[in-house]
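Single-structure report; data block below.
Whatever order the structure lists them in is the order used to number ligands and atoms, beginning at 1.
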Amino acid sequence: MRIEDVYIWDINAKWLGITPYQLMENAGAGVARTIEEKFGKGLKIAVFSGTGNNGGDGFVVARHLSFENEVTLFLVGDEAKIRSEEARHNWEILKGLDFVKIKVLKDSAYIKELDLSGYDVIVDALLGAGTKGEPREPIRSAIDKINEYAGRAKIVSVDLPSGYPSAVRVKADFAVTFQWDKEEYKGFERIIAKIGYPKELYHLVGPGDAKFALRKKGEHKGQNGKLLVIGGSEDYYGAPYLASKAASYLVDLVYLAMPSEPAERISDPDLILRPIEGRNFSPDHVHELLSMAEKADAVVIGPGIGLAEETKEFVREFIKRCEKPMVMDADGLKAVAEDLSVLDGKTFVLTPHAGEFGILFDVKPEGSLMEKAKVVTEKAGEVGGVILLKGAYDIISDGRTWKYNRTGNRGMTTGGTGDVLAGLVGALLALGNEPLRAASVGAFLNGLAGDMVKEELGENFTALEVAKKVPHAVKWVMEF
Ligand SMILES: NC(=O)C1=CN([C@@H]2O[C@H](COP(=O)(O)OP(=O)(O)OC[C@H]3O[C@@H](n4cnc5c(N)ncnc54)[C@H](O)[C@@H]3O)[C@@H](O)[C@H]2O)[C@@H](O)CC1
Ligand SMILES: [K+]
């Protein structure tokens, strides 16, 4: 596990209603349990807490251990600096107890004189994952003091040895770290305590994923993504328009390439229209579209493109020769279904609903979420790209792992919401996200925008309303 994953999962856990209070309680309880399992009971224990949440975990450890041990809590720093609600809450509880001794240490000189002989266990909850740079006073003196007793008392660190990764750190016998071993934690012994994160975190897409995917990449126009949308035909112009409109809220530039006749019906200053000669796309256009794709970071191909033979040929030829990440949707998928080998070596997302999935792979994803996910994963592995299977729960896989999304509502069966989705996924690719994340977050945002529209209008709305809600959905995510 990387710290980046944990950052995402923390946000998603909050979204699932798991509170920081619960996590802190479980963290502290996990450390206390580990200590009693290893060293027994009836011990004399010193807990050193800082004023951050690592220290908050320490307050909980002290309370749990106080039941059958003799505990002294040393707060290193100013009580007024205990900021988070949950740490403060646990501090107040501790202050109300008679059987836990509390000493507040603000002065480094005083810490240097401290005598810890007689303590069997020292718990180090001074600094955790929020550490910035080398430890400063008075924490630094407390670290030195604890280290004087290395070998004499057992030293147990909460999450990580305080000071880590700097060389000035607690010489812990081991650290109790939470739920996952992190790749970044090296050079000290670790015991993992689970703190109540559910399995959903591995699979469910949430605001954490979205927040991560939507971070701005640069200050200048064009640095935050350029997308090319290829779609439309003599029969359709709405679909590529919806895809482009939705995308335009996420990226700096959207080029919309469509046949000139339907293109005449569109006037939208947010899009850069690129009319193509003729009624439909045909192989004659491949060269022109490839040079447009050169200027973009990603491509969406398929919305409203139609099923004329020459158009299907165009789609396959374009995909074969395009080196940019691509989203293939709608009629574009049907063109691809006739020759899956065009996907070889490409970076892409396919966005089929169940029917299109059947046309692509001759198998219908059926049964439970797990059963469907298994089929999607298998097929994604076979084609060597990402598949986003649209449904009440969207299922997304890159062939190795899978995700699911449950934002969205019945109102979204209205025509065009799939085009909005394709545009969002394309935009997220253009922002530089890997295809699995682009597809997952696209599904999440599309559903979230739909849920926001539903809240205002009920279940009877149109896809354009969903597209126009995208900035609100993004704002909600960024403020979550
Ligand atoms: N979901 C979560 O995020 C969970 C976090 N938990 C605990 O929360 C910890 C992270 O808490 P915080 O983000 O509050 O961070 P920390 O408790 O690691 O430290 C932050 C505090 O230390 C100070 N500080 C930072 N660098 C310093 C330095 N070099 N010298 C002196 N002081 C310094 C900061 O001003 C701040 O007051 C984790 O390590 C873990 O113990 C657990 O409660 C479990 C759940
Ligand atoms: K620590």
Side-chain angles (χ1 to χ4, degrees), residues 1 3-16 18-32 34-35 46-61 63-64 74-91 105-106 108 111 122-144 146-147 155-182 184-185 188-198 201 208:
M1 273 325 123
I3 288 173
E4 170 188 315
D5 297 314
V6 178
Y7 162 84
I8 290 172
W9 291 337
D10 258 351
I11 297 169
N12 291 349
K14 179 175 153 202
W15 183 54
L16 289 171
I18 299 164
T19 66
Y21 287 85
Q22 290 176 291
L23 295 173
M24 183 171 280
E25 188 67 28
N26 288 337
V31 176
T34 308
I35 288 173
V47 179
F48 279 80
S49 274
T51 52
N53 272 4
N54 196 257
D57 295 345
F59 304 149
V60 177
V61 176
R63 167 161 48 81
H64 279 260
F74 296 95
L75 178 71
V76 182
D78 191 343
E79 182 183 351
K81 286 202 177 146
I82 303 173
R83 280 206 200 89
S84 85
E85 258 183 56
E86 59 276 21
R88 185 148 279 288
H89 174 79
N90 283 301
W91 170 246
L105 312 173
K106 285 191 266 193
S108 303
I111 294 170
I122 300 172
V123 178
D124 151 40
L126 290 167
L127 292 173
T131 308
K132 303 253 170 349
E134 287 225 332
R136 296 181 299 272
E137 292 296 346
I139 299 270
R140 191 186 174 114
S141 292
I143 291 174
D144 292 341
I146 292 171
N147 286 344
I155 302 176
V156 178
S157 285
V158 175
D159 198 10
L160 46 81
S162 296
Y164 182 89
S166 127
V168 184
R169 68 172 82 153
V170 167
K171 292 177 186 150
D173 288 271
F174 60 86
V176 180
T177 199
F178 304 122
Q179 197 88 18
W180 301 282
D181 203 8
K182 288 110 193 143
E184 291 85 349
Y185 288 8
F188 59 92
E189 200 174 314
R190 296 173 296 281
I191 293 176
I192 312 296
K194 296 194 194 71
I195 58 172
Y197 288 113
L201 294 189

Option from Ile122, Val156, Asn147 for which side-chain contact (heavy atoms from CB on, under 4.5 Å) with Val170 holds:
Asn147

So which of Ile155, Leu126, Ile143, Asp124 actually passes side-chain contact (heavy atoms from CB on, under 4.5 Å) with Phe48?
Leu126

Verdict with supporting geometry, Asn90 and Tyr21, side chain to side chain donor-acceptor pair (under 3.5 Å)
CA-CA 9 Å; Asn90 283 301; Tyr21 287 85; over 6 Å; no

Distance-only N or O hit between ligand 1 and [X], under 3.5 Å:
X	answer
Gly52	no
Met24	no
Arg83	no
Ile195	no
Gly130	yes

Numbered atoms of ligand 1 (with element) below 4.0 Å of [X], judged on heavy atoms:
X	result
Thr131	18 (O), 25 (C), 26 (N)
Leu23	1 (N), 45 (C)
Gly133	29 (N)
Tyr197	1 (N)

Could you confirm whether Val170 has any N/O/S atom lying under 3.4 Å from the K ion (ligand 2)?
no

Using only atom types and a distance under 3.5 Å, with no angle test, would you say the side chain of [X] pairs donor to acceptor with the backbone of [Y]?
X	Y	result
Trp9	Leu201	yes
Glu25	Ala29	no
Ser49	Gly55	yes
Thr51	Ile82	no
Glu184	Ile3	yes
Lys194	Ile192	no
Arg63	Val60	no

Indicate whether [atom] is within a distance of less than 4.0 angstrom of some protein heavy atom.
atom	answer
atom 5 (C) of ligand 1	no
atom 42 (C) of ligand 1	yes
atom 31 (C) of ligand 1	yes

Is ligand 1 under 4.0 Å from a heavy atom in the side chain of [X], in the backbone, in both, or in neither?
X	answer
Leu160	neither
Leu127	both
Asn54	both
Glu134	backbone

Cation-pi, Phe188 ring and Arg190 (6.0 angstrom, 45 degrees):
yes

Closest protein heavy atom (residue, atom, distance) for [atom]:
atom	value
atom 3 (O) of ligand 1	Asp10 OD2, 3.1 Å
atom 14 (O) of ligand 1	Asn53 N, 2.8 Å
atom 18 (O) of ligand 1	Gly128 N, 2.5 Å
atom 37 (O) of ligand 1	Thr51 OG1, 3.9 Å

Can you measure from [atom1] ([X]) to [atom2] ([Y]) and round to the nearest 0.5 angstrom?
X	Y	atom1	atom2	value
Lys106	Leu75	NZ	CG	9.0 Å
Thr131	Tyr164	OG1	OH	11.0 Å
Asn53	Leu23	CG	CG	10.0 Å
Asp57	Asp159	CG	CG	7.5 Å

Any non-hydrogen atom of Gly50 lying under 4.0 Å from ligand 1?
no

Return yes when Tyr21 approaches ligand 1 closer than 4.0 angstrom through a heavy atom, no otherwise.
no

Using the K ion (ligand 2) as the vertex, how large is the angle between OD1 of Asn54 and O of Val158, rounded to 10 degrees?
80°

Suppose you place the vertex at the K ion (ligand 2); what is the angle out to Ser162 OG and Leu127 O, to 10°?
70°

Counting heavy atoms only, name the option from Arg136, Lys132, Glu86 that's nearest to atom 35 (O) of ligand 1.
Arg136

Of the listed options (Asp57, Asp159, Val158), which comes nearest to atom 7 (C) of ligand 1 when hydrogens are ignored and any heavy atom counts?
Asp57

Is Ser162 close to Pro135 at the side-chain level, that is, under 4.5 Å between some pair of heavy atoms?
no

Nearest to the K ion (ligand 2) - the N/O/S atom of Asp124, by atom name:
O

